[in-house]
Amino acid sequence: MSYFLQLVFSGIVVGSIYALAAIGFVLIYKSSRVLNLAHGQIIATGAYIMYVLTVWVGIPIYLSFVMSMIITFFLAMSVERIFLRRLIGEPIISVIMVTIGLMSIIDGLIYLTPFGSENFSFPPFLPREPIMLWGTYLSYTQVAGVVITFILIGAFSWFFKKSTVGISMRAVSDDQMASMSIGISVPKVFGLAWATAGLTAAAAGGILGNITGLNFDTLHAFGILVFPVVILGGLDSLLGAVVAGILMGLIQQFAGGYLDGNWGLNGTGQVLPYILLLVLLLFKPHGLFGTHEIERV
Amino acid sequence: MSANRWLATGNYFTTYREEQRIFFTHIDRLLFAAFLTALFAWPLFIEASSKYMLIFDNILVAVIAVLGLNLVTGFGGLISVGHAAFVGVGAYTVACLAQIIGDQHVLITHAWPLMIVAGGLTGAVFGLIVGLPALRLRHLYLLMATLSFQMIFQWVVGFMDFFNQGQFIYVGRVYWFTGEVGRSVHYNFWYYALLTTVVVLGFGVRNLLRTRYGRSLVAVRDNDRAADAMGMHPGFTKVSAFGLAGFFAGVAGAMQAYLNRGAGFETFTLHESIQYLAMTIVGGLGSLPGTFFGPAAIKMLDLQMENLAEWAGHLLPSSLDLATGLRPLSFGLVIVLFLMFEPRGIANWWRILRSYVKLWPFRY
């Protein structure tokens, strides 16, 4: 029973980071209909910036968390300005290809830094001893990660429901023509969407780096695992991203906990999301909460 | 077309048949024949080291794979980021059979053309299955389907005992009429085998594009609803494009398994898939000549980056692994720059050059 609970808790921890990462995806897709395949790389960049600030520069960890979010905010904004801005109006296929190219570029740049090949871990800043909860162990870092994630998710939903900028972003996602005609600068909204996506990515990277340590291969795999999460939740739904993120975290943990080692199976946590995705695409392609713009061709 | 089929200075087509010709003038045909002969003949006169022969072989393997990818992505407009997995399916068809019946079995060593076709057909089956979501969905979702196929493939190969957990599986040397193909002529032999396959498949694709199916593929890419209204079947067209791409990839994979004398995990990763995509884009999306330029350009870029990294490695501290970083960086940059400044790829430069030569000494 406590094994089951342990899996549930760690599923929720991993899942909430997935949710945070998936929100970045949804933000960009919602406003500009671009699927940013380089999101995992932006997550990694954010995480490494936080590491540099914390360990090499020596800034307190809370401050460096916020600072890495701000730096990635501007980085993502400039990525949009440099690469994506001139592709507005191009066929969607070339926009996706550009994000694939970006993925490769950022990969290359990270391999050129010392971060590409080694493991790094953040200095501990919370009490080391785990929290006991109904016979399970949870570290303070994990709890803090989940709490920060939910605070950020709450802040974002408030931002979209109430603030002027958020409302204009929603307007652009609904109808670009109409929002242009009432005076919303659509390119500015695109830039902002990328920037906020960069912000959430850095947050996800920072939390993940604190929980599991920094290793480029892990971060890479994490970035690619976010795609099935977004499709499961529906590409343009924030709520869907959260629900699907936690669902995917649970699925992964259960697969790892109960399937691995039995019947000659290993690493099922890595592959099950994709099998699920392939089946989902056949039967419920727009995910759990996505808008149905089915065009049967 | 003017009555003179030796020279043409412009377009004088009066029938659709004329416009559909492969070679517009006799000079075109002669030049092409001379080019092909040169391609086949040069290894007889020039002794290339096996390192460079292997690079040529690898380019030709990539050309076969990219022919398929260009069909589905360039002509069909459906992105596939799982192409390396389809290549892997072809390679592992051969490798698994070698695993079951022994890598020196007669079927592997003597009936290798059959094995290559079998690899292609297995690839086609997987292509059709993965392409099934194309019946209902477009762009992004298809990308996801192919991506998940890539991941599932990597997992199956990397974790299953049957596939040696991604370790190298050996495939025996093949036999030709003159006996076993030995170590010294291995790469030359496969150069000829690959070149023949490329020529056959290249003409196959060129002719496919002139048929009803090929033109409906382009029509579906441009606007699938309009194509539907004109009596084409978009779903069928898309799914079968995936099947065809799978076939080409399977052939490429089977030949690669023979060329490398086995199959291993790291040749079929997501990274390789992206590299195939880069080749397609750099060559030119939806252009047949581009299918040949792209792989050559990217492989050469890779080679030069390796040389550069080796050269710079002497100047920089040894802890910096330049090669692993420079390669993704360079081809990522190439993809992005080509998409931003020359979306039609190297094939466009080729087109400009051709029309310049054709119209010379006039400029119009």
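Numbers restart at 1 for each chain; the letters A, B, ... are given by sequence-line order, proteins then strands.
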Go through the atoms of [X] and report whether side chain, backbone, both or neither lie under 4.5 Å from a heavy atom of chain A.
| X | answer |
| --- | --- |
| B:Ile274 | side chain |
| B:Ser330 | neither |
| B:Leu132 | both |
| B:Leu270 | side chain |
| B:Val81 | side chain |
| B:Ile281 | side chain |

Side-chain donor/acceptor of B:Ser148 to backbone N/O of A:Leu277, under 3.5 Å: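 Such a contact is absent between B:Ser148 side chain and A:Leu277 backbone.
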Heavy-atom closest contact (B:Pro328 atom, A:Gly108 atom, distance):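 In terms of heavy atoms, the two residues are closest at CG-CA, 3.8 Å.
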So what's closer than 4.5 Å to chain B heavy atoms on [X]: side chain, backbone, both or neither?
| X | result |
| --- | --- |
| A:Ile110 | neither |
| A:Ile231 | side chain |
| A:Leu225 | neither |

Answer yes or no: are there more than 12 heavy-atom neighbours, outside [X] itself, under 6.0 Å from its atom [atom1]?
| X | atom1 | result |
| --- | --- | --- |
| A:Trp56 | CH2 | yes |
| B:Phe126 | CZ | no |
| A:Arg81 | CZ | no |

Sole residue of A:Ile106, A:Asp107, A:Leu112 in side chain to side chain contact (heavy atoms under 4.5 Å, CB included) with B:Leu329: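 With B:Leu329 as partner, side chain to side chain contact (heavy atoms under 4.5 Å, CB included) holds for just one option, A:Leu112.
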Gap separating the CD1 atom of A:Ile105 from the CD1 atom of B:Ile335, nearest 0.5 angstrom: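 Spacing of CD1 (A:Ile105) from CD1 (B:Ile335) equals 8.0 Å.
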Less than 4.5 Å apart, side chain to side chain, heavy atoms only: is that true for [X] and [Y]?
| X | Y | result |
| --- | --- | --- |
| A:Val230 | B:Met144 | no |
| B:Leu143 | A:Leu35 | yes |
| B:Val156 | A:Val271 | no |
| A:Arg86 | B:Phe341 | yes |

